[in-house]
Amino acid sequence: MEPNVRLVLFWVLVLHCGSAEGSILYRVQEEQPPNTLIGSLAADQGLPDSGHLYKLEVGAPYLRVDGKTGDIFTTEIPIDRETLRDCRTLVKGKPCYLEFEVSVTDLIQNQSPRLIEGRIEVQDINDNTPQFPSSVLTISVPENTIMGALFSIPLATDRDSDRNGVADYALTAGPDAATLFGLQVADDRGGKLPQLIVLGNLDRELKDSYDLTIKAMDGGNPQRYSSALLRVVVTDANDNSPKFERSTYEAEVSENSPPGHSVLQVKANDSDMGPNGEIEYTLHQAVDPVSTLLRIDRSTGIIYVKGSLDREEISSLSFYVVARDKGPQPKSSKTFVTIEVTDQNDNAPVVEIRGIGLVTHSEGVANISEDMPVGTAVALVQVSDKDEGENAMVTCVVAGDVPFQLRPASDSSIDSKRKYFLQTTTPLDYERIRDYRVEIVAVDSGNPALSSQNSLKVQVTDVNDNSPIFSPTLFEVDFAEENQPGEKVLDVIASDADSGTNAELLYNIVADSSIKGLFEIDPNTGTVRARSPLDREHKERYEFRVTAADKGSPVHKGTATVVINVLDRNDNDPKFMLSGYSFSVLENMPPLSPVGMVTVLDVDKGENALLNCLEKESSYTFRLKAVDGGEPPRSSYVAVTINVLDENDNNPVVTKPSNSSFRRLSPLASPDSHVEIVEAEDLDSGPNAELVFSISGGNPYQLFRISPSSGEITLAKEMTRKHGGLHRLVVRVSDRGKPARHATALVHIYVNDTISNVSLVEALVGHSLYTPLERDIAGDPDYGFAAQRSNILFGSLAGVAGVVMLILVVVFIRHRIQRETKSGYQAGKKETKDLYAPKQAPKNAKGKRGRKGKPQKSPKPLGEDEEVSLQKSLKFNLDGVNDSPRIHLPLTYSPGSPDIGRHYRSNSPLPSIQLQAQSPSASQKHQAVQDLPAANTFVGTGGDDNSTGSDQYSDYSYKTSQMKYSNKQVRT
């Protein structure tokens with residue numbers, strides 16, 4: 001026969017697809033080679049062979065399934081019918097099945113998986129040889145046995161089934177035994193029963209034994225067989241054989257019955273007398289599991305439980321019992337016994353949870369995407385009970401409040417083995433709940449009921465279903481112009497409710513021609529930086545959009561708006577509209593008359609654009625003309641120079657370091673090591689701007705010294721352990737003016753090897769700022785406790801001092817009232833007037849600003865007394881006849897006098913020096929009088945050595961008003 005024809009016939013015989021109870025049935029012979037096709041689910045179920053995923057759920061390791069076509073194949077592990085668990089204890093003649101389950105997932109419609117259940121009938125092949133229990137079989141035959149008598153021959157067994165099992169026996173005898181013995185094979189319950197038949201008369205005295213050969217053959221093709229030596233022993237006569245009361249016995253025994261429990265009694269009778277009538281019972285050719293589970297009392301025939309009975313392992317026991325008498329030539333008979341093992345509810349339900357379809361399981365954890373639709377199967381739950389009947393009827397539920405439920409996976413499931421899909425009932429949201437613990441409880445219907453449970457952790461995997469969100473969506477920031485390239489502007493931060501790469505964000509600036517090249521953003525941190533200097537005068541407001549995109553698929557984006565307001569710096573000089581101005585003015589015009597207009601612009605903004613036109617001259621030079629009253633008049637000229645001297649009206653200002661900063665110093669630093677440098681500036685000039693640095697406090701150990709001229713602080717000597725900690729130096733910066741002005745700076749030095757806790761040091765510095773300057777902070781470890789005690793002491797002293805001060809004030813006020821009551825007004829006392837100061841506020845104002853909106857009175861014309869006083873205040877230097885007189889203004893003025901050099905402001909670019917003729921009583925001399933403009937602003941010195949700045953004095957403002965001048969003419 002050709003090979004192809006053989007192959008076709010083979011598949012016709014081997015593969016057959018049928019349906020049994022709604023499930024799929026395939027047939028295949030055992031021991032097939034790997035990758036043998038068993039069946040095609042796609043073709044058999046009418047499913048397309050594309051767009052579906054087939055996955056083997058049950059059937060490994062003997063089967064595998066093609067994921068695309070659903071074809072079922074054998075694997076490297078052969079299917080051996082005789083070793084399959086469910087086939088080892090099968091009743092002879094019943095088919096052997098291998099169950100399988102395959103899940104089918106529609107990848108196109110993304111539906112819940114469909115479960116296909118099926119069975120494969122494993123057909124037997126002749127791969128086992130019949131075997132006798134022993135190579136030598138012995139049978140005893142009495143010498144007076146009549147011809148035709150039958151004697152049982154031990155059976156041969158074959159692990160194969162049906163026709164591949166034992167099919168026939170053959171007996172081979174020598175010449176001396178061929179006429180005495182024969183073989184008869186009888187059918188007994190589907191099996192072959194070999195019996196030895198006596199054909200002639202036996203004489204024990206002539207020959208007491210014969211050796212024959214018994215051969216057992218199976219029905220397979222090719223046929224298998226085996227042989228054994230059958231030894232027939234001739235014994236003395238025994239007339240009657242035992243006879244059982246019944247040809248068959250049946251009984252039931254409950255599983256888990258204890259050893260020694262009686263199951264059944266078989267009984268046989270023998271008509272002989274004496275030993276020939278005494279009967280002994282044995283289990284005929286008992287093999288496992290009969291010999292392991294049961295025993296028989298040899299005298300009574302009672303069958304007892306010997307081992308542990310488990311119905312789930314062995315549900316039925318069938319065997320023969322032999323009754324044999326004790327005669328010299330024993331006679332025997334046998335009966336067939338069947339014992340059914342009944343069920344007890346001794347097995348709790350078993351809950352098995354495994355993956356299904358695309359949902360994979362690993363170590364009790366199932367992962368499911370949050371975007372799966374409602375009803376998606378997360379797992380396949382199989383609930384089984386090895387018991388039977390009501391004991392195997394199981395109820396299965398999902399415990400707890402979780403969004404999952406059980407749905408039957410197949411209608412063909414039996415009560416003892418049910419399958420369910422564990423599926424979702426509501427949409428899952430990773431951002432709300434990321435994992436669930438699903439408890440599945442199974443309870444059987446036995447009495448008492450048994451239950452068990454199993455759990456599955458369901459982890460919801462994230463999908464990119466959330467867009468990044470900026471909070472706020474509008475970022476507005478003020479940023480000064482003239483910045484450095486790369487300087488940080490602001491941080492924009494977005495958040496994404498997803499996780500992993502779905503929450504990793506990349507920031508970007510939406511391209512706009514108006515900001516191209518000006519700003520950049522760090523794609524990872526969202527830090528916006530200026531790539532080049534900004535110019536407010538060019539553009540003072542920028543607005544652009546930034547995006548945050550996640551790294552998920554598909555990509556989601558969030559958008560925010562960034563507004564940058566460019567703040568002004570004073571980076572532009574005021575610019576006059578013309579390079580020079582020339583005005584003409586008529587003589588004898590009254591003061592404050594407009595002469596011309598000067599236009600000046602500043603492109604800065606705010607205070608940087610507030611302009612004041614100042615006449616800034618250190619000296620004024622002009623010519624004086626003297627004209628007499630003669631006819632014709634005669635005149636002469638003289639040059640006059642007025643030098644404006646600086647007044648010490650500005651305190652030094654410390655620019656470095658900040659009072660709240662600190663500098664770390666190693667305890668191992670050597671003397672003369674640089675510690676810090678104090679920098680300061682003074683707006684005055686000359687000696688008033690020369691600064692002197694000194695340490696006025698906080699240096700009790702004389703550890704530090706400061707250069708009086710440069711302000712550099714150095715270490716004066718080596719430090720010891722007690723010097724560790726925070727030191728606060730009180731540095732005084734004074735100018736050389738008269739009176740001198742000063743400023744105070746705090747320099748914090750932290751002596752330690754490292755700074756492991758910056759917050760602690762900052763807290764110590766912050767505490768130092770609220771500690772009185774009289775208190776030394778110089779590394780004292782008990783500083784906190786001492787400071788607390790000092791605060792209590794200072795508080796107590798302050799309270800006592802307050803009470804004493806209150807008493808002194810009361811006494812002083814009373815004394816003053818009494819004195820004023822006794823003293824009257826002193827008439828005729830002349831008040832002192834200051835020609836250089838505007839009219840001061842009342843005494844009770846004490847230097848504060850005048851009331852807003854209240855106009856000041858115009859200065860009165862100069863009288864003789866004032867002129868004389870002015871002469872005394874001005875010094876003329878006449879070194880020669882041709883020399884011009886020099887007028888030296890006093891260096892120090894009263895608190896209300898103006899600072900002509902620094903604070904003089906005029907609406908006119910021309911010098912405000914006018915000539916005014918004196919009365920005849922002034923001996924025909926002339927002097928220069930400075931008229932203060934109506935809108936002059938000045939600052940008093942105060943003369944307080946403890947002042948901290950010049951801003952404590954108020955500015956005096958005067959509204960414009962017409963001045964009155966004397967109409968006297970200069971006469972000669």
Side-chain angles (χ1 to χ4, degrees), residues 132-134 136-156 169 171 173 177 179-189 191-212 214 228-249 264-287 290-291 294-303 318-337:
F132 286 100
S134 177
V136 178
L137 306 176
T138 302
I139 298 177
S140 297
V141 178
E143 61 178 342
N144 59 349
T145 301
I146 62 175
M147 290 185 296
L150 298 175
F151 293 87
S152 297
I153 300 175
L155 301 175
Y169 291 89
L171 184 65
T179 58
L180 296 177
F181 303 101
L183 179 66
Q184 177 180 310
V185 181
D187 290 331
D188 184 27
R189 294 179 174 82
K192 299 297 183 178
L193 185 61
Q195 294 176 319
L196 182 68
I197 184 172
V198 179
L199 301 177
N201 296 321
L202 300 177
D203 187 355
R204 181 178 180 275
E205 288 73 19
L206 181 63
K207 190 171 185 178
D208 60 356
S209 67
Y210 300 88
D211 289 339
L212 312 175
I214 183 73
L229 177 65
L230 179 62
R231 180 165 292 167
V232 180
V233 178
V234 181
T235 62
D236 288 334
N238 185 11
D239 295 331
N240 297 290
S241 299
K243 292 182 179 180
F244 283 97
E245 294 179 351
R246 294 162 56 183
S247 60
T248 61
Y249 288 85
L264 172 68
Q265 183 179 19
V266 296
K267 190 174 176 81
N269 299 311
D270 195 320
S271 302
D272 293 326
M273 301 297 293
N276 293 332
E278 295 179 6
I279 299 175
E280 187 178 59
Y281 300 94
T282 59
L283 299 178
H284 179 60
Q285 298 181 1
V287 294
V290 176
S291 61
L294 301 174
R295 69 178 179 86
I296 189 170
D297 189 291
R298 301 177 71 90
S299 301
T300 64
I302 299 177
I303 300 175
S318 299
F319 53 92
Y320 286 95
V321 175
V322 175
R324 180 178 288 106
D325 60 27
K326 296 182 179 181
Q329 297 84 30
K331 290 183 178 292
S332 64
S333 63
K334 61 182 179 181
T335 185
F336 188 75
V337 179

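Computed from a predicted model, the values in this text were never measured in an experiment.
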With side-chain contact (heavy atoms from CB on, under 4.5 Å) as the test, would you mind laying out the steps for Val234 and Lys207 before giving the verdict? CA-CA 8 Å; Val234 181; Lys207 190 171 185 178; over 6 Å; no
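Residues Pro154 and Phe132 are not in side-chain contact: their nearest non-hydrogen atoms beyond the backbone lie 4.5 Å or more apart. Counting only heavy atoms from C-beta outward, the side chains of Phe151 and Thr145 approach each other to under 4.5 Å. The closest side-chain heavy-atom distance from Ile153 to Tyr169 is not below 4.5 Å. Under the 4.5 Å side-chain criterion, counting only non-hydrogen atoms from C-beta, Leu283 is not in contact with Val337. At least one side-chain heavy atom of Pro194 sits less than 4.5 Å from a side-chain heavy atom of Leu155. Counting heavy atoms from C-beta outward, Gln265 and Ile302 have side chains that approach closer than 4.5 Å. For the pair Leu212/Leu196, a side-chain contact is recorded, criterion being any heavy-atom separation below 4.5 Å from C-beta on.
Val322 and His284 make their closest contact through CG2-CB, 3.2 Å (heavy atoms, listed as atom of the first residue, atom of the second, distance). When all heavy atoms of Lys334 and Ser152 are compared, the pair lying nearest together is NZ-OG, 3.7 Å.
Between Asp187 and Lys192, at least one side-chain N (NZ, or NE/NH1/NH2) sits under 4.0 Å from a carboxylate O, which counts as a salt bridge.
Between Phe336 and Tyr320, the two ring planes are perpendicular [angle over 60°; tilted spans 30° to 60°].
Note that the CG atom of Leu183 and the CG atom of Leu150 stand 10.0 Å from one another [nearest 0.5 Å]. Separating the CG atom in Asn276 from the OG atom in Ser241 is a distance of 10.5 Å, to the nearest 0.5 Å. If you take CG on Asp297 and CZ on Arg295, they are separated by 7.0 Å, rounding to the nearest 0.5 Å. A distance of 11.5 Å separates CD1 of Ile197 from CZ of Phe181, quoted to the nearest 0.5 Å.
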